[in-house]
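First comes the structure, then the notes that go with it.
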Amino acid sequence: MGMEKEPQKPQQVSYTVEQLVAVNPYNPDILPDLENYVNEQVASQTYSLDANLCLLRLYQFEPERLSTQIVARILVKALMAMPAPDFSLCLFLIPERVQMEQPFKTLIVLSHYLETGGFRQFWDEAAKSRHIVEAVPGFEQAIQAYAVHVLSLTYQKVPRSVLAEAINIEGLALDKFLEQQVVNYGWVIEMGQGGGQIIALPKTEFNHPELKKNSGDAVPLDHITRIFPILS
Amino acid sequence: MAANYEYDEAAGHYDDQAAALRQQEVGYDPNFVPDSVKSFVVHLYRHIREKNVYEIHQMYETSFQTLSERLFKDTPWPSVDAVAHYVDNDHVFCLLYREMWFRHLYARLSPTLKQRIDSWDNYCSLFQVVLHGVVNMQLPNQWLWDMVDEFVYQFQSFCQYRAKMKNKTEQEIALLRQFDQAWNVYGVLNFLQALVEKSAIIQILEQEKQGLEQFTATDGYDYSGGSNVLKVLGYFSMIGLLRVHCLLGDYHAGLKCLQPIDISQQGVYTSVIGSHIATIYHYGFASLMLRRYVDGIREFNKILLYIYKTKQYHQKSPQYEQILKKNEQMYALLAICLSFCPQMKLVDEAVNAQLREKYGEKMGKLQRYDDEAYGDKLSRRQRYADEAFGIYDELFSYACPKFITPSAPSFDEPLVNYNQDAYRLQLKLFLSEVRQQELLVGARTFLKVYSTISLGKLANYLDVDESTLRMTLMTYKHKTHAVDSDGKIISNADVDFYIDDDMIRVVNSKPVKRFGDFFLRQIVKLEGVINDMDRIKVESAN
């Protein structure tokens, strides 16, 4: 069951860990490697759901070895993966009594706000818990990207104030942000009826239903194969 | 938490002392071998040596059940030592016999702790023999599936038993401490993993797609003189892993283990009804917890239709009760999925009719929203929401797997029962998703009725402020746009909308008449009629 430990060059460590997870996941010896890998993900702004779930599973098998700090980092990374349900997947593997402690209670509250569009409440709570969220670089940007994603699903045209609240950027910083979005992603700034700015978001099939490919009457190829014997 | 709907198994099943007592009471003599049993083992041994798979299957499925029913209703079969000399003391046959012996014990009686440990030892020996590749038998798929299925079941049963620490005797605790490797979670997972790897089943399935291997076409049987045991055990172990991961709450890993099996097609997993149902039940449940409701609905629909059409043929089978139980559970899970994701067009008519019959009233309550203007509507809405919450709890608790805590207890701490902990956690997390989904009931009700409505007006109807309404609408969008297994966003909304500044424009997708499928069905039907006609010989009148 032993895989040779390779010299600790950063890229090689992660390659080896992914291999371990794929080939030999039910092995308590790889726990330290997986913990190091979490810290590596935090430092290099990468993410691996498979490896993190594998670690949470090992913690489940040997609860004395659970590291609160590592689990907290995994959960913050999972929040950053939204809209994917990774945060819930992690919670399924963490014992209830652990979830009732800090910082997990706060993280669960943060997740709830994000799941239910409560961005203002989210940013307020995050501001009170800087030590948790600032430990992971890229957190703010990831949540802002998620906020933009949800807004893009919902709005063709969104008022500036709603956008500002969702991504927690105001004033000049927001102007700058909007400039970048206009240039890179085709956002369009218009004047609203009330005098404030309205931002027209890019057209997708989610906020422009007429763009939705109508698969209503498409017949899958494997259904047609059923009548090949007849046709010949 | 709500009461344990059918969650806890029969009270006596995990009490070691009661189990031992019960077995002593009926005056069981392990060394007495009735003639019918002698005949049974002699014939079974011969058929296995001669690789007569059909006869083995008959004896395994029918004779064993008949003898159990007639002679061993509430005692174990004769001990393996008593029958060994009838079968040349064949090592492998004895392992197989013991496996059946323990399975019978678990089904009819309650195992003692010692027996649980002995059964584990037997599985270790049996799997080691298979993994070392020295087995040259062909066994029926039913038997091989039952081995894996029972292995996982006994693991689940052991974890439940071990977690009830409160009434454990000193003796039991000493045994548990001594034999801490028995039914150890690492051991269980690694055996299943080893079977998957050693059999190279994943590569076999891959190569089969390219036409380089035959496996599914022969139902896993080896027609070139070899053995099917390792390959088929490896195959079924993938389903075993799916099941174990679901018991642990790791749905993502579970589905990954199942990935090599293409469930959109027939396969070896459909060759045994038990394996077919276990696969789809766990796939569907995992999909539900992963919020992939469309996947769950699609697969539940397929299998419920299949069971509906074929269950009459299984009435005499020993698995009949289990089939019915899983059938009911899957209807409950389907009801939950459809509540979160109302896509009735994915459900077959026959299945829908059954669903209405079993859960029609309950499903109605899950989506009930009071838009009447009279009286205290806020407290009425709260009452409906609470009622719906209770129904979700009931359905989930009835239909969920028997979750386990895999870690051993700390024997130094005070003895408590923690066998419900795993279930309570999964239920709690499921219900928190329910709470978030419940926020959408009101909005959904109104969106079905309007084609355009201002935010202000809708906020008024829902008795919330505009800011809250914006949140609710974003929640609706987020919850109806799932992330699939490839990371893509897919909408599963039945009613959709978009917001233009402060106006909501509702989009109602009109159900498209599906002509393609209709024509395909008629073509096949007509071909059948023509073939029938061709077979009719017309007598010439001479």
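Naming: A, B, ... by sequence-line order, numbering from 1 per chain. Keep in mind that what you see is a predicted model, and the values were worked out from it rather than measured.
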Report task. Quick one: pull up CG in B/Asp502 and OH in A/Tyr155 and give me the separation to the nearest 0.5 Å. Result -> 10.0 Å
Query raised in the report: Atom CD of A/Glu165 and atom OG of B/Ser467: how far apart are they, to the nearest 0.5 Å?
Result: 5.5 Å
Looking at chain A, which one of [options] has the largest number of heavy-atom pairs inside 4.5 Å, strictly under?
{"options": "B/Leu439, B/Ile489, B/Asn184", "result": "B/Ile489"}
{"options": "B/His478, B/His245, B/Glu527", "result": "B/His478"}
{"options": "B/Lys256, B/His252, B/Met503, B/Glu197", "result": "B/His252"}

Side chain / backbone / both / neither for [X] at chain B, heavy atoms under 4.5 Å:
{"X": "A/Glu190", "result": "neither"}
{"X": "A/Ile198", "result": "side chain"}
{"X": "A/Tyr146", "result": "side chain"}
{"X": "A/His149", "result": "side chain"}

Heavy-atom side-chain proximity of [X] to [Y] below 4.5 angstrom:
{"X": "B/Met471", "Y": "A/Gln121", "value": "yes"}
{"X": "B/Leu425", "Y": "A/Pro95", "value": "no"}
{"X": "B/Phe497", "Y": "A/Thr154", "value": "yes"}
{"X": "A/Glu62", "Y": "B/Tyr186", "value": "yes"}
{"X": "B/Asp421", "Y": "A/Glu96", "value": "no"}
{"X": "B/Ser407", "Y": "A/Phe61", "value": "no"}

Query - A/Lys157 atom NZ, over 12 foreign heavy atoms within 6.0 Å - result: no
Query raised in the report: Does A/Tyr185 OH have over 12 foreign heavy atoms under 6.0 Å away?
Result: no
Is the backbone N or O of [Y] less than 3.5 Å from a side-chain atom of [X], with the two atoms forming a donor-acceptor pair by type?
{"X": "B/Lys477", "Y": "A/Leu153", "value": "yes"}
{"X": "B/Thr475", "Y": "A/Thr116", "value": "yes"}
{"X": "A/Gln60", "Y": "B/Leu248", "value": "yes"}

Query raised in the report: Can you check side chain to side chain contact (heavy atoms under 4.5 Å, CB included) on A/Gln156 and B/Ile499, steps first, answer last?
Result: CA-CA 6 Å; A/Gln156 283 188 357; B/Ile499 306 183; over 6 Å; no
Report task. Could you tell me which residues in residues 97-108 of chain A have at least one non-hydrogen atom under 4.5 Å from a non-hydrogen atom of chain B, sorted by residue number? Result -> A/Gln99
Requested in this report: Enumerate by number any residue of residues 84-94 of chain A whose heavy atoms lie under 4.5 Å from heavy atoms of chain B; in the absence of such residues, state 'none'.
Outcome: A/Ala84, A/Pro85, A/Ser88, A/Leu89, A/Leu91, A/Phe92, A/Leu93, A/Ile94
Requested in this report: Counting only heavy atoms closer than 4.5 Å, note whether B/Ile530 contacts chain A via side chain, backbone, both or neither.
Outcome: neither
Query raised in the report: Which bit of B/Leu241 comes within less than 4.5 Å of chain A, counting heavy atoms only: side chain, backbone, both or neither?
Result: side chain
**Report entry** SB check A/Arg57 B/Asp250 (cutoff 4.0 Å)
**Finding:** yes
Query - Residues A/Glu115, B/Arg291: salt bridge by 4.0 Å N-O rule - result: yes
